[in-house]
Asker: 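Please see the structure below; I have some questions.
Below, chains carry the letters A, B, ... as their sequence lines are ordered, and counting in each starts from 1.
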Amino acid sequence: MKYNFNEIEAKWQKYWADNQTFKADNHSEKPKYYVLDMFPYPSGAGLHVGHPLGYIASDIYARYKRHKGFNVLHPQGYDSFGLPAEQYAIQTGQHPAITTEENIKTYRRQLDQIGFSFDWSREIRTSDPSYYKWTQWIFIQLFNSWYNYDSDKAENINTLISVFEKEGNANVNAACDDDVVDFTAVEWNNFSSEKQQEILLQYRLTYLAETEVNWCPALGTVLANDEIVNGVSERGGHPVVRKKMTQWSMRISAYAERLLQGLEAIDWTDSLKESQRNWIGKSVGASVTFNVLPNEKCHSEQSEESHKISVFTTRPDTIFGVSFMTLAPEHELVTQITTDEQKAEVEAYIEATAKRSERDRMADVKTISGVFTGAYAEHPFTKEPIPIWIGDYVLASYGTGAVMAVPCGDQRDYDFAKHFNIPIPNIFEGVDISEEAFADKENTKITNSDFLNGLNYKKATKRAIYELEQIGQGEGKTNYRLRDAVFSRQRYWGEPFPVYYVNGMPQMIDAKHLPITLPEVEKYLPTETGEPPLGNATTWAWDTKNNKVVSNEMLKQVQHDNKSSVSSSGVETSQHNGVYPLELNTMPGWAGSSQYFNRYMDPHNDTEIFSQEAVNYWQQVDLYIGGSEHATGHLLYARFWQKFMFDLGLVPVDEFAKKLINQGMILGTSAFVKRLTLMWSNTARNIEFEDYKISLSKNFPTIICSNEFYEKNSNYLLLVDLVEKFNLPKLKEFLNSIDEDKIKINDLAFGDDEIHADVSFVNSSDELDIKAFKNWRSEFKDAEFITEEDGAFKVKRDVEKMSKSKYNVVNPDSICEDYGADSLRLYEMFLGPLEQYKPWNTAGITGVHGFLKKLWKLYVDDNGIKVTNEEPSQDSLKTLHKTIKKVEEDIENFSFNTSVSTFMIAVNELTAQKCTSRDILEPLIVLISPYAPHIAEELWSQLGHGESISTVPFPKFEEKHLVESSKNYPISFNGKMRFTLELPLDMSKEDIEKIVLAHDKTQEQLQGRTPKKVIVVPGKIVNIVG
RNA sequence: GCAGGAAUGGCGAAAACGGCAAACGCACUUGAUUUAGAAUCAAGAAAUUGGGAGUUCGAAUCUCUCUUCCUGUACCA
């Protein structure tokens, strides 16, 4: 019987589906284990071999845990909202729901053929209304919440309202906007409803705010930072402008400290935690207020108070080293304090800065620029005047957009001071600052600083803050870089907000009317007036009387009747029939992915997001596998939502994933061919015939050159030589057509263009299938080829990211067809460590495929199963048990590549031992089954078992089979191994030394010398020195 | 710039604790089988762990230093 993998795999995939083998139950006596993959976006291109890497690893772990007696939850679904489907819809008019559905079908087929043990009964799709109903629901909860720093958690907005009603907002310690105004209880109670709503928006965990976006008028859309290259759009190269837009934001900054602290408790990779720490960007220091000295622009009489500049510093201990201040050019005070004399210069500088993109400003660290405003601030302690400058090294978006510059202690301040000849007072004892700033906190001793003299960094910081507080010009402060997250997208294919507007104020639709489903539109582009695509919808208004989405006609009717109008922002001024406009933005990609892991626990619940019973049983994800590119996006936002839901008492733990592993990327091995280009070896002589040269270049035939030949000969050969060596009629014709009066044929050389060839045309020896290449594209149809001496055509190979545009994509479908899913699974694991980046090379799969055939032959011969009830040999037992030990350790350490090697060794050994014993071969196939489940099921059933192998207990390791009585000692001389010697393990150190020294080979090595020292490590090694 | 990670044969890699470097596989060579190829079987060759120093009886592994590469990023006060 042959190993017919196609038949076997189809059979067992059907069996698993028919029997719902991997359906997880929410009730079980077994301990639970939750293994999750980051769910895929179903793209039109389908899966390539890089995609399933993490899924295979998690599947092995899930299957292993089932063998270990766990009730395993291993679900899968689709992050099915997203841009590519929308882009496709814009181009073709095809509804994104339709293309998404098609793509999901392809994904499902591809995933099924790899044999994953997913519980498909729990599948979720973020674009499914029954799912995004709950995304909308969470949004409403966020809207109805505020963050109380006193209790350090989110609370219902009603608790805030009752505080306002009783005592105003003076004592409220909340996460809120920077510009909240103080009010008393009386004032609050007298505010209009609109005013109250406006104030509450400043406290809610999701709120409307004016946000600057990159607006591309030509594309009619907002672009992400990385979609902009050199100030123009990546697609099409259209200009991009900064534009303010009212958008929903998430007050994630309220959770900054908890997100930071929470990292301590979770088992995620260090690099990932580090990224999140940097992203949160906590810095501890002080805020210091500087008073601006009056000048002709800002007289003290003009306003009661002089202008104040607030700065944040991590080094309040260096306050006596301040010799100037720098404001960001965008800082609001700049225009108010600049003197008339400096006005022109300052304005020119601001204008120049505005033209530079944030990217430009960041990339260009070398150039120092800035302008003096003419104004001075007063040092809080010395009362000395401090010049105020503006400079683009200060960013408006961080801290207060202003810094107190301490050139002796900060390199950027130092460079700035040097450049503009500003004094650099030294406040560090015994430190030379003539060359560079001194930023070392550890060895600081402050001097020239009044009350700080002689103190170290820690003490001086404390004292400085204390003194600042005494004079009311500062306090200790912690700053976070983490900014609130914009939650609106001007897109069609995303979750609609459950929001309508009354008099410009957002209102939540009652949760019982959810989901608010995405309306149909004619066109997926923004409207002509620049509104998001939902502005094209004709049925997109909320009827508050009937609680349903109704036609926009209902809005117009009222307008007409009441002669009211819709402002450009879609805000009604007057309503009588209770119909209001709905929000036109949709939610971003991370909305749906921030709660899906919990929804899997109870995916079909229609009355609540998940039952408490389900979430208390499954708790949290035990193992999460996915790409590291989500470090500061999905993985941070999801932690934020989890903490929020924890505050609401919805989930029992405030971190959603206990352990997280990043799988590395599988890279493609691209193939390149050289296309020859026409070149002149002697340009000077031909300069007058430039036009002729250009026309010649146009007629140059397509010639494709083999890589090795090119590398060896391109420096020596001329074009004419090629014609002599190879049969190249088109080139010959071309050379014959040249007017030798204008161009000397002997001046013609060749260069090259490297072009990608599709990897499917290339065999494992890097030889190109010329015929297939010619048929590939019309431009190569008549190409001529220069081969190696032996007639073969060799391509150049290079490792790059696997991508369609590089023609290096390998499809798992063909691999499964040619070698089977078990081979694919084993090979993906065999390539190398899970977290590492590694190139794919299909040729190597024959190794693991050969292993599976060998494994098969261990159980089956021409007459069927050949396993016997024979007593196993000691050797076979030893092989089995060392395999059990190693494989178990490997799986626990996620070292899947080494366990594949271990299986190979085991099968090689058992084959050599001619082992047919059931006592060996049954446990062996259980060991292999998480990796190669199809062949394992088949052999298991052929061994006579009626049930699936999937929950058969994992074999137990028994030490006794590995106990050895002797050890083959390596005998080394000065650390270099020279020979080995078999000695009993229980032999004493002294005896070993005696026997080794007496040995012939030892004497041979020593050649009469007496060893200085003999190191004997029992059970390990003998080392003779001398 | 900063942070995190990496560097071992022609290629992917292996080597908890410092103790036989290169297991396992690809590719390669030779032979057997075969009409040929594929497949299979048997045999075989190669390479000193990025460079330099140190600790040690002994270093891929620990320390210092330099180089190169990858990933992330924020001129973050």
Asker: With both distances under 3.5 angstrom, what nucleotide forms a Watson-Crick or G-U wobble pair with B/U29?
Answerer: B/A43
Asker: Which part of the nucleic acid does A/Glu629 contact within heavy-atom distance under 4.0 Å: base, sugar-phosphate only, or nothing?
Answerer: nothing
Asker: Taking atom P in both B/U67 and B/C57, compute the distance separating them and give it to the nearest angstrom.
Answerer: 32 Å
Asker: Please determine whether a side-chain nitrogen or oxygen atom of A/Lys838 lies at a distance below 4.0 Å from atom OP1 or OP2 of B/G12.
Answerer: no
Asker: For A/Leu826 and B/G25, what is the distance between atoms CG and P respectively, to the nearest whole Å?
Answerer: 13 Å
Asker: Side chain to side chain contact (heavy atoms under 4.5 Å, CB included) with A/Asp822: which of A/Tyr827, A/Tyr3, A/Tyr931?
Answerer: A/Tyr3
Asker: May I ask you to test the A/Glu800-A/Asn808 pair for a side-chain heavy-atom distance under 4.5 Å?
Answerer: yes
Asker: From the options A/Ile666, A/Leu53, A/Asn841, select the one residue that forms a side chain to side chain contact (heavy atoms under 4.5 Å, CB included) with A/Leu831.
Answerer: A/Ile666
Asker: Less than 3.5 Å apart, any donor N or O on the side chain of A/Ser901 or A/Thr898 sitting next to an acceptor on the other?
Answerer: no
Asker: Of the options B/A16, B/G19, B/G72, whose atoms approach the side-chain atoms of A/Ser275 most closely?
Answerer: B/G72
Asker: Determine the interatomic distance between P on B/G12 and the same-named atom on B/G19; round to the nearest Å.
Answerer: 24 Å
Asker: Just call it for A/Val1017: base, sugar-phosphate, or nothing, with non-hydrogen atoms closer than 4.0 Å on any strand.
Answerer: base
Asker: Return the nearest nucleotide to the side chain of A/Thr846; candidates are B/C20, B/G4, B/C26.
Answerer: B/C26
Asker: Give one of base, sugar-phosphate or nothing for A/Asp270, where a contact means two heavy atoms less than 4.0 Å apart.
Answerer: nothing
Asker: Check every atom of B/A14, B/A77, B/C20 against the side chain of A/Pro833 and return the nucleotide holding the closest atom.
Answerer: B/A14
Asker: Which residue lies toward the 5' end of RNA chain B, A/Arg412 or A/Lys1020, if each is placed at its nearest nucleotide?
Answerer: A/Lys1020
Asker: Please state the C1' separation for the pair B/A15 and B/C20 - nearest whole angstrom.
Answerer: 11 Å
Asker: In terms of the angle between their ring planes, are A/Phe416 and A/Phe420 parallel, tilted or perpendicular, with boundaries placed at 30° and 60°?
Answerer: tilted
Asker: Return the pairing partner of B/C24 with a 3.5 Å limit on both distances, Watson-Crick or G-U wobble; otherwise return none.
Answerer: B/G12
Asker: Picking from B/G19, B/U73, B/C24, which would you name as closest to the side chain of A/Trp279?
Answerer: B/U73
Asker: Rounding to an integer number of Å, can you tell me how far A/Tyr398 OH sits from B/C75 C1'?
Answerer: 12 Å
Asker: In whole angstroms, how far is the P atom of B/U40 from the NZ atom of A/Lys853?
Answerer: 4 Å
Asker: A/Asp410 near the nucleic acid: base, sugar-phosphate alone, or nothing, with a heavy-atom cut-off under 4.0 Å?
Answerer: nothing
Asker: Using only side-chain N and O atoms of A/Asn897, determine if any of them is under 4.0 Å from OP1 or OP2 of B/A14.
Answerer: yes
Asker: Checking contacts here: which listed nucleotide (B/G4, B/A23, B/C20) is nearest the side-chain heavy atoms of A/Met977?
Answerer: B/C20
Asker: For the pair made of CD in A/Gln836 and P in B/U8, what is the distance, rounded to whole Å?
Answerer: 10 Å
Asker: Could you check which of B/A16, B/C57, B/U40 has an atom nearest any side-chain atom of A/Glu889?
Answerer: B/A16
Asker: For A/Thr400 and A/Val1025, take the nucleotide of RNA chain B holding the closest heavy atom to each; which residue's nucleotide lies nearer the 5' end?
Answerer: A/Val1025
Asker: Roughly how many Å apart are B/A45 and B/A27, using the C1' atom of each and rounding to a whole number?
Answerer: 13 Å
Asker: Whole-Å distance between B/C75 C1' and A/Asp392 CG?
Answerer: 9 Å
Asker: With the 90 degree cut-off around zero defining syn, does B/C57 come out syn or anti?
Answerer: anti
Asker: Whole angstroms only, please: what is the CZ-P distance between A/Phe830 and B/C26?
Answerer: 8 Å
Asker: In whole angstrom, give me the gap between the P atoms of B/A14 and B/U8.
Answerer: 11 Å
Asker: Please report the distance separating the C1' of B/A59 from the corresponding atom of B/U48, rounded so that it comes out in whole Å.
Answerer: 13 Å
Asker: Determine the interatomic distance between P on B/G51 and the same-named atom on B/C11; round to the nearest Å.
Answerer: 15 Å
Asker: Select one nucleotide: of B/G12, B/A14, B/G19, the one nearest the side-chain heavy atoms of A/Thr898.
Answerer: B/A14
Asker: With a non-hydrogen cut-off below 4.0 angstrom, is A/Gly281 in contact with a base, only sugar-phosphate, or nothing?
Answerer: base
Asker: Below the 4.0 Å mark, does B/G25 have OP1 or OP2 next to a side-chain nitrogen or oxygen of A/Asn908?
Answerer: yes
Asker: Would you say A/Gln411 places a side-chain N or O within less than 4.0 Å of OP1 or OP2 belonging to B/C75?
Answerer: no
Asker: If you count heavy atoms of other groups shown closer than 6.0 angstrom to CD of A/Glu7, is the number above 12?
Answerer: no
Asker: How close or far is atom C1' of B/A39 from atom CZ of A/Phe5, stated in whole angstroms?
Answerer: 13 Å
Asker: Can you check whether A/Ser283 has a side-chain N or O nearer than 4.0 Å to OP1 or OP2 of B/A77?
Answerer: yes
Asker: Rounded to the nearest Å, what distance is computed from the CG atom of residue A/Leu983 to the P atom of nucleotide B/G19?
Answerer: 20 Å
Asker: Given A/Thr883 and A/Ile905, is the side chain to side chain contact (heavy atoms under 4.5 Å, CB included) satisfied, shown in steps?
Answerer: CA-CA 9 Å; A/Thr883 305; A/Ile905 293 166; over 6 Å; no
Asker: Sort out the partner of B/U71 for me: Watson-Crick or G-U wobble, both distances under 3.5 Å, none otherwise.
Answerer: B/A3
Asker: Is it the case that A/Lys854 and A/Asn908 place a side-chain donor and acceptor less than 3.5 Å from each other?
Answerer: yes
Asker: Counting only side-chain heavy atoms from C-beta out, which of B/G12, B/A3, B/G58 sits nearest to A/Asn1023?
Answerer: B/G58
Asker: Return the nucleotide paired to B/A60: Watson-Crick means purine N1 to pyrimidine N3 with N6-O4 or O6-N4, wobble means G-U with N1-O2 and O6-N3, both under 3.5 Å.
Answerer: none
Asker: With heavy atoms under 4.0 Å as the rule, sort A/Ser901 into base, sugar-phosphate or nothing.
Answerer: base
Asker: Return yes when atom NZ of A/Lys458 has more than 12 non-hydrogen atoms of other residues, nucleotides or ligands closer than 6.0 Å, and no otherwise.
Answerer: no
Asker: Would you indicate what A/Thr902 reaches in the nucleic acid, counting non-hydrogen atoms under 4.0 angstrom: base, sugar-phosphate, or nothing?
Answerer: nothing
Asker: Rounding to an integer number of angstrom, what distance separates B/G5 and B/A43 when you compare their P atoms?
Answerer: 44 Å
Asker: Just call it for A/Lys1013: base, sugar-phosphate, or nothing, with non-hydrogen atoms closer than 4.0 Å on any strand.
Answerer: sugar-phosphate
